[in-house]
Amino acid sequence: MELTLKGEKRIFEDGMNALDIAGQISQDLKKRALAARLDGELIELVTPIHGDHELEILDFSDPEARKVLRHTASHVLAQAVKKILPEAKLAIGPAIENGFYYDFDVEKPFTPEILKQLEKEMNRIIKQNLRLERFELPREEALKLMEEKAEPYKVELIHDLPEGETISFYKQGDFVDLCAGPHLPSTGKVKAFKLQSVAGAYWRGSEKNKMLQRIYGTAFFDKAEMEEYLARLEEAKKRDHRKLGRELDLFAIMDEGPGFPFFFPKGMVLRNTLEDYWRQIHARHGYEEIKTPIMLSRTLWETSGHWDHYKENMYTTKIDDMDFAIKPMNCPGGILVYKRKPWSYRDLPCRSGELGLVHRHELSGALHGLMRVRCFTQDDAHIFMTPDQIRDEIKGVYQLIDEVYSVFGFKYHVELSTRPENSIGTDEMWELATQGLQGALDDLKVPYIINEGDGAFYGPKIDFHLEDSIGRTWQCGTIQLDMNLPERFDLTYVGPDGQKHRPVMIHRVVFGSIERFIGILIEHFAGAFPLWLSPVQVRIMTITDRADEAALSLKEQLENAGLRVETDLRNEKIGFKIREAQMQKVPYMLILGDKEVESGVASVRSRKEGDLGAMSPEALIEKLTREVAEKAR
């Protein structure tokens with residue numbers, strides 16, 4: 001048979017599998033191989049290959065191969081659980097991002113001691129290098145096998161499979177599990193793993209079903225790579241925005257308002273600083289700010305389509321026997337602002353921005369600090385334009401978003417999502433819109449990934465994925481072209497021909513959600529914000545009460561220069577005061593004692609650089625205001 005590997009055609013004996021082929025190429029490739037892709041389809045390494053094909057041998061660098069390894073690790077875990085707790089009932093055990101989990105029905109919750117026993121047993125199974133053998137059974141035989149093994153959850157899953165569907169199992173040693181695969185050839189390929197935590201999980205995610213015990217774990221091909229990942233997780237725990245939000249007195253989610261954040265004074269300083277920056281940059285880029293009502297009538301949401309397709313996520317009420325809904329998004333309100341008057345092509349593009357508070361009903365289990373809430377402020381902007389303006393407007397939006405992310409030190413990558421199967425609009429309109437987005441990215445020489453068929457049903461989109469300081473990615477900014485709402489709301493402008501035409505609409509956000517962006521910033525900076533963002537920029541600390549008057553005078557000078565200042569005049573040792581200021585991540589600490597008061601200076605200590613020596617108020621103000629103006633990181 002003739003196989004094409006990395007563009008090179010090679011001849012192999014018919015019926016060979018990818019593992020043997022890898023061995024013929026190099027023993028190192030065979031050692032690293034985890035799965036293969038045959039004509040684009042994922043297959044196991046031991047699957048026999050017949051005929052001419054394109055073959056790709058996959059190692060841990062491939063996302064699908066990582067899932068294969070981690071799914072096999074979940075089977076190793078299940079085998080270990082059945083060995084140590086034979087009465088445990090198996091549910092499901094998929095690979096997930098960065099790891100895997102398996103759900104079990106057990107009498108008592110798993111303890112840390114049991115997890116250690118399970119890890120020891122898993123290591124034994126991995127050392128045995130057991131082959132994973134796939135076999136298939138007819139429905140009745142599959143049901144009989146799982147009933148004999150007293151696995152009620154597997155029996156239920158088999159009953160739910162469509163008639164005629166292949167029912168497959170995997171066997172490793174004396175352990176058998178219902179599974180579609182694919183898997184590694186043997187357990188020995190799971191080179192490194194770690195069981196991380198236990199949580200409760202309802203069977204099939206329904207509160208009506210029994211609560212199961214879910215064990216989470218991760219697995220890697222290389223132990224050093226796993227240790228690096230676990231170290232990043234530990235760093236992420238230290239940076240958890242919920243923990244830092246409490247410690248720095250920024251915000252909290254209270255029992256009286258699950259999913260509804262409370263922002264405290266320091267949190268409001270941070271928030272207002274972000275919003276002020278948003279207003280400045282949008283004014284510079286030609287946007288006008290608007291504000292639309294938080295609650296609007298059912299008829300509006302019917303026109304937009306939300307009442308039919310999104311109602312379960314909306315908070316509704318009645319006023320004068322009419323249905324109203326609290327807005328889950330700002331777009332329909334922004335459209336009504338556009339519709340307030342007739343427009344000419346000479347007036348376009350029309351750019352409007354809104355920091356609009358929206359509410360969405362999220363399930364309580366999905367809520368997570370500021371990252372997933374029930375009310376949040378979207379920094380929406382809507383641009384209405386003629387079709388020939390698409391390319392230039394997309395470039396302008398891209399440059400604005402790039403400028404904002406650069407200020408915070410975020411790296412990012414861009415993804416372009418194209419027409420999905422359930423799209424609306426004509427082929428010509430989709431072609432125009434997609435070319436507009438792609439052409440703008442090409443003009444800007446921006447590298448991007450194309451996600452075929454992943455656009456919104458109403459238009460293609462560009463998504464921005466930020467990378468924070470410890471390598472995690474967050475999807476924040478988006479640019480979407482919309483051919484649906486202008487049609488639904490009958491939006492028009494008068495063209496050069498004197499006739500009415502349909503404008504093209506752009507939806508775009510930069511922060512995405514102010515609340516979520518604050519959560520990301522807290523974790524990105526580990527709470528140690530740059531000077532311009534820091535709620536408290538300077539803390540003045542006195543060594544003796546003889547310096548109190550000078551401290552208050554210096555505070556007034558700094559505040560008059562626009563800086564945010566606190567004083568610490570307590571009768572405490574200066575070392576204690578400095579440590580506390582550092583714990584609060586204050587960027588600059590000014591220390592005043594008898595010597596400093598006499599000389600008219602302050603000893604300056606930087607959070608990042610340590611002791612900077614003595615500085616006069618004038619020199620200090622010049623340094624700090626310049627750092628704020630430059631938005632230095």
Side-chain angles (χ1 to χ4, degrees), residues 4 35-43 53-56 58 61-68 71 94-98 162 165 180-182 304-306 308-310 312-313 328-329 331 360 378 380 382-383 385 387 390-391 393-395 397-398 401 412-467 473-488 502 504-509 512:
T4 305
R37 208 174 276 123
L38 191 70
D39 297 333
E41 293 292 322
L42 189 69
I43 63 167
H53 301 279
E54 186 171 333
L55 179 67
E56 188 181 357
L58 310 175
S61 64
D62 183 88
E64 286 190 298
R66 289 198 290 272
K67 284 186 177 180
V68 171
H71 187 36
I96 56 175
E97 187 178 6
N98 295 322
E165 183 160 320
S304 70
H306 290 94
D308 293 330
H309 301 290
Y310 202 72
E312 68 276 8
N313 294 99
M329 48 195 67
C331 323
R360 298 178 186 176
Q378 278 194 308
D380 270 319
H382 299 105
I383 304 173
M385 60 200 164
I390 291 175
R391 199 155 169 157
E393 286 305 302
I394 295 296
K395 285 157 71 173
V397 172
Y398 180 92
I401 293 175
Y412 63 85
H413 74 266
V414 172
E415 297 184 3
L416 171 63
S417 300
T418 58
R419 186 177 190 174
E421 289 184 7
N422 65 337
S423 63
I424 61 162
T426 64
D427 292 345
E428 293 77 17
M429 202 63 189
W430 271 92
E431 182 68 19
L432 178 71
T434 305
Q435 283 187 358
L437 293 182
Q438 198 161 4
L441 293 174
D442 290 339
D443 287 350
L444 293 164
K445 295 181 171 53
V446 174
Y448 56 90
I449 299 166
I450 295 181
N451 287 333
E452 293 287 355
D454 202 37
F457 73 92
Y458 50 77
K461 61 176 182 158
I462 295 171
D463 289 326
F464 292 76
H465 297 262
L466 307 187
E467 183 181 322
T473 55
W474 310 86
Q475 199 273 303
C476 288
T478 188
I479 307 171
Q480 300 180 351
L481 280 180
D482 188 350
M483 296 168 282
N484 176 43
L485 291 182
E487 191 72 35
R488 279 180 172 268
R502 193 76 72 210
V504 179
M505 183 179 183
I506 287 178
H507 305 255
R508 50 112 295 209
V509 293

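Residue numbers start at 1 and run along the sequence shown.
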### Query
Roughly how far, to the nearest 0.5 Å, is CG of L437 from NZ of K395?
13.0 Å
### Task
Say whether, by atom type as modelled, one donor and one acceptor occur between the side chain of T478 and the main chain of D463 under 3.5 angstrom.
no
### Message
Just verifying a value: how many Å separate R360 CZ and E312 CD, rounded to the nearest 0.5 Å?
### Response
12.0 Å
### Message
For A36 versus L55, what's the shortest heavy-atom pair and its separation?
### Response
CB-CD1, 4.0 Å
### Task
Compare every heavy atom of L58 with every heavy atom of A65, then report the nearest pair and how far apart it is.
CB-CB, 3.8 Å
### Query
Rounded to the nearest 0.5 Å, how far does CZ of R66 lie from CD of E64?
10.5 Å
### Query
Is there a donor-acceptor pair closer than 3.5 Å between any side-chain N or O of Q480 and the backbone N or O of D482?
no
### Task
Side-chain contact test, heavy atoms from C-beta onward, threshold under 4.5 Å: evaluate it for E54 versus R37 and give yes or no.
no
### Message
A side-chain contact here means heavy atoms from C-beta on lying under 4.5 Å apart; do I479 and I401 qualify?
### Response
yes
### Query
Should the pair H382 and H507 be assigned to parallel (<30°), tilted (30 to 60°) or perpendicular (>60°) ring geometry?
perpendicular
### Query
Is L481 close to P460 at the side-chain level, that is, under 4.5 Å between some pair of heavy atoms?
yes
### Query
Do R508 and I506 come close enough that some side-chain heavy atom pair is under 4.5 Å?
yes
### Query
Roughly how far, to the nearest 0.5 Å, is CD1 of I43 from CG of L38?
4.5 Å
### Message
Could you check whether D454 pairs with K461 (Lys NZ or Arg NE/NH1/NH2 to Asp/Glu carboxylate O, under 4.0 Å)?
### Response
no
#### Entry: Atom pair CG/CE of L432 and M483 - distance to nearest 0.5 Å
8.5 Å
### Task
Please determine, by modelled atom types, if E467 and T473 share a side-chain donor-acceptor pair under 3.5 angstrom.
no
### Task
With the side chain counted from C-beta on, respond yes when M505 and M385 share a heavy-atom pair under 4.5 Å apart, and no when they do not.
no
### Query
Closest heavy-atom contact between Y310 and P328?
CE2-CB, 3.6 Å
### Message
Quick check on E421: does its CD atom have over 12 non-hydrogen neighbours (other residues, nucleotides or ligands) under 6.0 Å away?
### Response
no
### Task
Kindly give the heavy-atom pair with the smallest separation between L466 and C476, and that separation in Å.
CD1-SG, 3.8 Å
### Query
For N451, which residues count as a side-chain hydrogen bond (donor to acceptor under 3.5 Å, both in side chains) partner, sequence neighbours excluded?
E415
#### Entry: Side chain to side chain, Q438 and I450, heavy atoms closer than 4.5 Å
yes
### Query
Do L441 and Y398 touch side chain to side chain, with heavy atoms closer than 4.5 Å?
yes
### Query
Can you tell me how far OG of S417 sits from OH of Y448, rounded to the nearest 0.5 angstrom?
12.5 Å
### Message
Between V414 and I449, is the side chain to side chain contact (heavy atoms under 4.5 Å, CB included) condition met? List the steps.
### Response
CA-CA 6 Å; V414 172; I449 299 166; over 6 Å; no
### Query
Under 6.0 Å from the CD atom of E165, do we count more than 12 heavy atoms belonging to anything else shown?
yes
## Note on the structure
Between S304 and L485, the two heavy atoms sitting closest are O-CD2, 3.8 Å
### Task
Return the minimal non-hydrogen interatomic distance between P182 and L42, and the atom names on each side.
CG-CD2, 3.7 Å
### Task
For residues D427 and R419, determine if any side-chain heavy atom of one lies less than 4.5 Å from a side-chain heavy atom of the other.
yes
